[in-house]
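Since the model is a prediction, treat every value here as computed from it, not as a measurement.
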Amino acid sequence: MVSAPATRRQRTITPARRPRPKLPRRDPREASIVTAREGIGALIETGDLDHDELTECWVEQWTADIYADRRQAA
């Protein structure tokens with residue numbers, strides 16, 4: 001008896017965006033760093049910021065601004 005050949009459908013795999021793990025926010029400084037990283041990541045993903053435009057001082061200043069804003073709001 002001859003069986004019909006198995007047909008295989010080709011599946012298109014779309015890469016899913018994995019949610020970023022939430023870091024424990026124990027310290028206000030750590031929370032500011034996490035917020036800055038999320039903001040920078042969002043700007044890079046939307047194309048509003050390029051990796052070449054990032055400098056260490058710029059990231060540190062952004063983190064410091066977030067930290068200062070949160071201290072004033074508290």
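Among the candidates V59, I66, T63, D27, the single residue satisfying the side-chain contact (heavy atoms from CB on, under 4.5 Å) test with I33 is T63.
Shown here are the side-chain contact (heavy atoms from CB on, under 4.5 Å) partners of E56, two or more places apart in sequence or in another chain: E60. Applying the side-chain contact (heavy atoms from CB on, under 4.5 Å) test to D52 and every residue at least two apart in sequence or in another chain returns D50. Remark: T55 engages no residue in a side-chain hydrogen bond (donor to acceptor under 3.5 Å, both in side chains) (not counting sequence neighbours).
In this structure, OG in S32 is found 10.0 Å from CZ in R71, a value given to the nearest 0.5 Å. Annotation: the span from D48 atom CG to E53 atom CD amounts to 9.5 Å, rounded to 0.5 Å.
In this structure, W58 and L49 have side chains that are in contact, with non-hydrogen atoms separated by less than 4.5 Å.
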